[in-house]
Amino acid sequence: MENIIIRNIEEKDIPSVVDIQIDGWKSAYKGIVDDNVLNSMNRNERIKKRSNDYKENGFIVAELDNQVVGFCRYIDSNKFTQDIAYIDCELLALYVKPNLKYNGIGTKLFQFVVNEFKNKNKTKMILWCLKDNEPSKKFYTKMGGEIIKERTIEIGEKEYLEVGFEYNI
């Protein structure tokens with residue numbers, strides 16, 4: 001898929017991004033995250049939230065044939081991983097339309113973010129992934145990450161384990 005365009009998000013992309021996120025959760029987290037959480041994801045609430053925060057941090061989309069097919073959020077600090085002092089940037093989210101996974105879209109998004117961090121002289125990136133999400137863990141390992149830490153997060157009313165992948169930029 002050579003004709004994938006990676007670009008900054010625009011307001012018109014928000015509904016597509018929200019749909020990709022909801023579909024991504026329902027696909028990737030089925031059997032991992034409680035079904036009540038997956039079934040209660042409210043599209044309109046998420047569109048409103050994204051409309052308020054889409055200009056924060058790095059927020060890019062992957063476009064194919066004028067359609068948004070993936071997105072990524074990142075930040076050039078360790079705001080969300082302050083307990084590891086040497087981390088200086090974080091990939092916060094990476095999503096690809098479930099039916100288009102394994103076509104290089106995620107790789108292009110990932111590489112774009114790494115290049116952005118290189119240009120900002122960042123050296124250590126982290127990303128967090130649910131510990132039971134084996135396909136994503138396999139991808140993040142393939143991209144050169146090494147699991148360095150576990151932590152507990154709350155989704156809905158339950159706790160889940162996440163693993164942190166460290167990358168040398």
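For the single chain, residues carry numbers from 1 onward in sequence order. All values reported here derive from a predicted model rather than from experimental measurement.
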Nearest-0.5 Å distance that lies between atom OG in Ser16 and atom CD in Glu10: 11.5 Å
So do the side chains of Gln21 and Arg50 get within less than 4.5 Å of each other, counting heavy atoms only? yes
Salt bridge (charged side-chain N to carboxylate O under 4.0 Å, His left out) between Arg43 and Asp19, intermediate numbers included: CA-CA 7 Å; Arg43 184 177 190 262; Asp19 290 342; 2.5 Å; yes
Indicate whether any N or O donor in one side chain lies under 3.5 Å from an N or O acceptor in the other, for Ser77 and Glu90. no
Between the side chains of Glu134 and Lys137, is the shortest nitrogen-to-carboxylate-oxygen separation below 4.0 Å, so that they form an ion pair? yes
Please determine whether a side-chain nitrogen of the Lys or Arg among Asp88 and Lys124 lies less than 4.0 Å from a carboxylate oxygen of the Asp or Glu. no
Can you list, by chain and residue number, the hydrophobic cluster partners of Ile5 when the side-chain cut-off is 4.5 Å? none
Full working for side chain to side chain contact (heavy atoms under 4.5 Å, CB included) between Lys108 and Ile105: CA-CA 5 Å; Lys108 286 193 179 200; Ile105 299 166; 5.9 Å; no
Is there a side-chain contact between Thr152 and Leu161, using heavy atoms and a 4.5 Å cut-off? yes
All heavy atoms of Ala28 vs all of Asn133, minimum pair found to be CB-ND2, 4.2 Å
Do other residues, nucleotides or ligands put more than 12 heavy atoms under 6.0 Å from Glu56 CD? yes
Asn121: which residues meet the side-chain contact (heavy atoms from CB on, under 4.5 Å) condition with it, sequence neighbours left out? none
Roughly how far, to the nearest 0.5 Å, is CD1 of Ile169 from CG of Asn119? 11.0 Å
Quick one: does any side-chain atom of Asn103 pair with a main-chain N or O of Leu100 as donor and acceptor, under 3.5 Å? yes
Is there a side-chain contact between Tyr86 and Thr123 in this structure, where contact means two heavy atoms from C-beta onward sitting under 4.5 Å apart? no
Do Leu94 and Met143 share a hydrophobic cluster, counting only Ile, Leu, Val, Met, Phe, Trp and Tyr and linking them when any side-chain heavy atoms are less than 4.5 Å apart? yes
Give me the atom names and distance for the closest heavy-atom approach of Ile4 to Ala62. CG2-CB, 4.0 Å
Mind running side chain to side chain contact (heavy atoms under 4.5 Å, CB included) on Leu109 and Ile60 for me, showing each step along the way? CA-CA 8 Å; Leu109 285 164; Ile60 56 173; 3.8 Å; yes
Is there a path of hydrophobic side-chain contacts, each under 4.5 Å between heavy atoms of I/L/V/M/F/W/Y residues, joining Phe80 to Ile87? no
Using the side chain to side chain contact (heavy atoms under 4.5 Å, CB included) rule, take Ile148 and Val163 through it: C-alpha gap first, then chi angles, then the decisive distance, then the call. CA-CA 7 Å; Ile148 60 160; Val163 290; over 6 Å; no
Determine the minimum heavy-atom distance between Cys72 and Leu91, stating which atoms define it. SG-CD2, 3.8 Å
Exam field: side chain Ser27 to backbone Asp23, donor-acceptor pair closer than 3.5 Å: no
So, Tyr167 versus Phe110, ring centres under 6.0 angstrom or not? yes
Mind jotting down which residue pairs meet the side-chain hydrogen bond (donor to acceptor under 3.5 Å, both in side chains) criterion with at least one end in residues 62-75? Sequence neighbours excluded, please. Arg7-Glu63
Would one find more than 12 heavy atoms of other residues, nucleotides or ligands at under 6.0 Å from atom NZ of Lys12? yes
Grab the two heavy atoms, one from Glu154 and one from Gly156, that are nearest each other, plus how far apart they are. OE2-O, 3.4 Å
Would you check, one step at a time, whether the test side chain to side chain contact (heavy atoms under 4.5 Å, CB included) holds for Asn78 with Cys89? CA-CA 5 Å; Asn78 71 339; Cys89 53; over 6 Å; no
Filter on side-chain hydrogen bond (donor to acceptor under 3.5 Å, both in side chains), then keep only pairs touching residues 142-151, sequence neighbours left out; what's left? Asp83-Lys149, Lys131-Glu150, Arg151-Glu162
Cationic N near anionic O, under 4.0 Å, Lys158 to Asp34: yes
Tell me whether Phe139 shares a hydrophobic cluster with Val114, the cluster being built from Ile, Leu, Val, Met, Phe, Trp, Tyr side chains joined at under 4.5 Å. yes
For Val18, which fellow cluster members are found when Ile, Leu, Val, Met, Phe, Trp and Tyr are connected by side-chain heavy-atom distances below 4.5 angstrom, either directly or through intermediates? Ile9, Ile14, Val17, Ile20, Ile22, Trp25, Tyr29, Ile32, Val33, Val37, Leu38, Met41, Ile47, Tyr54, Phe59, Val61, Val68, Phe71, Tyr95, Leu130, Ile153, Ile155, Tyr160
Of the non-hydrogen atoms in Lys26 and Lys30, which two are nearest, and what is the gap between them? O-CB, 3.3 Å
If hydrophobic clusters are built by linking Ile, Leu, Val, Met, Phe, Trp and Tyr wherever their side-chain heavy atoms come under 4.5 Å apart, do Ile126 and Ile75 end up in the same one? no
Contacts of Tyr102 meeting side-chain contact (heavy atoms from CB on, under 4.5 Å) (sequence neighbours excluded), chain-then-number -> Pro135
Rounded to the nearest 0.5 Å, what separation is found between the CG atom of Asn42 and the NZ atom of Lys48? 11.0 Å
